[in-house]
2 protein chains.
Amino acid sequence: MARALGRIEHTEVSAGGKAEGILAAAKRAFLAAGFGAVSMDSIAREASVSKATVYAHFGSKEELFGAVIGRECERYFASFSAGELDPRDVRASLTVLGRRFLELVLSPDAIALHRIITGEVTRFPVIGEIFWRAGPERQRVQVEVLLRSAAASGALEFADPRLAAEQFISLVRGEIQLRQLLHLAPEAGQHEISVAVRSAVDTFVRAFQRRP
Amino acid sequence: MARALGRIEHTEVSAGGKAEGILAAAKRAFLAAGFGAVSMDSIAREASVSKATVYAHFGSKEELFGAVIGRECERYFASFSAGELDPRDVRASLTVLGRRFLELVLSPDAIALHRIITGEVTRFPVIGEIFWRAGPERQRVQVEVLLRSAAASGALEFADPRLAAEQFISLVRGEIQLRQLLHLAPEAGQHEISVAVRSAVDTFVRAFQRRP
DNA sequence: GTCTATACAGTGATAGAC
DNA sequence: GTCTATCACTGTATAGAC
């Protein structure tokens, strides 16, 4: 009984063992400061374990970094979906999808992830492809599916739906993501997101509406 | 005479004294590997001076880094210009401008600069604003000037020229820049750039051409 | 200003006891 | 598996001679 209590007290932060606690601490540290500015000492301290325990679970700093990045890529972008959209009202569907996209890629964690991946891709070439497959490529595919059904319903017409999906995403992203990446704006509010999405949808629909 | 010869031999790489040589070496090292992965030792070795000389000119690694970044931002983006364009042939003007834009931002040095700035902006907040003012903001202003004259000549019409300029740049950039940033493509060839610009101009003109 | 030599802190990683 | 203590090494930065 006393032992069980002791164990419960020991798993203060995370409920999934020490490996989870280490991953959580490493995630916070890496996303906040980058790879080079974080030490294994600080991660161990933050996770309330010794440095040797960190090395018992992850063979090196690089390995721990890779585990964190792969995990976060899957976690964040898995939530993006084009489901529950009405393909007949294409304007409303594009607006909802654009809003989901912007809310995701402008979230503080996604911005931090984007920063560290582009900053460290030279040292860890593999994380570029992991990020691309989990994020931008998956998003473009989802948009493309919606555009194809919109074309089938006759509302819009595309010579190249894949390219059109890419262009829609580019319009929605605009320059607002870059401003966030560069720390030029405090945070993107709901109003700002609404305005950006509406402008993008307007321009996109004008360009691709069926002509008589 | 012998002394002069000795001096000439000593300024092997750069013609502007040791500070220039140090800056050149630091630029190559930082752009290739990032801030954290570069040591002052390696910069001094590359510049053929001692480490103490580096510190005599730049008080710290951070100061040297800031000097390199500010310099390169100015150097690269200063070449972008919207001059010598015919505002009456708006399609041709947009194509030329889009090509200039893509050739600039997809150049290996610009990609490397973009990577390191977004990667280190958390540690050096000031470089975000330096980059923004020298690059994206200046480019958007140039595009906006062209769009206003195109609207005056009657070819296109814009409710918000500033927003339209932002959207044109977003369309031209597409996803090709991100693929370069993530090391997913070896390099952007002339053909790829031509295709990307043509698609962007097509969509943009369809969205903003004057309607009867 | 420039060099050689070095101080000093901090890093990633490991050995050995429990 | 986990800890304490320690290793070998590299990093930034500086002192002192010239």
Side-chain angles (χ1 to χ4, degrees), chain A residues 2-27 29-30 32-69 116 120 123-124, chain B residues 2-26 29-30 32-69 116 119-120 123-124:
Chain A
R3 287 181 55 137
L5 247 173
R7 270 188 192 164
I8 288 172
E9 283 177 26
H10 207 65
T11 60
E12 331 149 35
V13 178
S14 70
K18 303 215 164 178
E20 287 299 322
I22 293 168
L23 278 170
K27 169 202 160 186
F30 283 139
F35 179 82
V38 171
S39 72
M40 294 295 261
D41 269 295
S42 69
I43 292 173
R45 203 179 318 127
E46 184 82 8
S48 302
V49 298
S50 82
K51 199 162 48 167
T53 301
V54 176
Y55 277 96
H57 287 269
F58 305 93
S60 69
K61 185 182 178 184
E62 284 78 7
E63 191 178 319
L64 176 57
F65 180 73
V68 168
I69 295 299
I116 195 172
E120 300 294 343
R123 206 184 326 198
F124 305 97
Chain B
R3 287 181 54 137
L5 245 172
R7 271 187 191 164
I8 288 172
E9 283 177 27
H10 208 64
T11 60
E12 332 153 32
V13 178
S14 69
K18 304 217 166 178
E20 288 297 323
I22 293 168
L23 278 171
F30 283 137
F35 179 81
V38 172
S39 73
M40 295 293 260
D41 269 297
S42 68
I43 293 173
R45 204 178 318 125
E46 185 82 9
S48 302
V49 298
S50 83
K51 201 163 42 170
T53 301
V54 176
Y55 279 94
H57 288 268
F58 305 93
S60 69
K61 186 182 177 183
E62 282 78 7
E63 191 178 321
L64 176 57
F65 180 71
V68 168
I69 295 299
I116 195 172
E120 301 294 344
R123 206 182 328 195
F124 305 96

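Please read these numbers as outputs of a predicted model, since none were measured by experiment. Letters go in sequence order (proteins before strands), and every chain restarts at 1.
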Here the distance between atom P of dA13(C) and atom CZ of Phe58(A), to the nearest Å, is 14 Å
Picking from dT12(D), dT2(D), dC3(C), the nucleotide nearest the side-chain atoms of Thr53(B) would be dC3(C)
| request: Would you indicate what Ser39(B) reaches in the nucleic acid, counting non-hydrogen atoms under 4.0 angstrom: base, sugar-phosphate, or nothing? | output: sugar-phosphate
Considering every strand and a 4.0 Å limit on heavy-atom distances, what is the contact class for Val38(B): base, sugar-phosphate, or nothing? sugar-phosphate
Minimal heavy-atom distance between Gly21(B) and Ala47(B), with the atoms involved, is O-CB, 3.8 Å
Taken to the nearest whole Å, NE2/His57(B) to C1'/dA13(D) is 16 Å
Lys61(B) NZ to dT14(D) P, in whole Å, measures 15 Å
Comparing Ala52(A) with Lys51(B), nearest DNA chain D nucleotide closer to 5' gives the residue Ala52(A)
Met40(B) atom CE is separated from dT14(D) atom P, nearest whole Å, by 10 Å
For Phe30(A) and Ile116(A) the tightest heavy-atom approach is O-CD1, 3.2 Å
| query | So Phe65(B) and Phe35(B), would you call those rings parallel, tilted or perpendicular, with 30° and 60° as cut-offs? | reply | perpendicular
Side-chain contact check for Glu62(A): nearest option of dC3(D), dA13(C), dT14(D) is dA13(C)
Here the distance between atom P of dT11(C) and atom CZ of Arg45(A), to the nearest Å, is 8 Å
Here the distance between atom C1' of dG12(C) and atom CZ of Phe65(A), to the nearest Å, is 16 Å
When rounded to whole Å, the OH to P distance for the pair Tyr55(B) and dA15(D) reads 13 Å
Here the distance between atom P of dA9(C) and atom CG of Asp41(A), to the nearest Å, is 16 Å
Correct closest heavy-atom pair for Ile43(B) and Ala29(B) would be CG1-CB, 4.3 Å
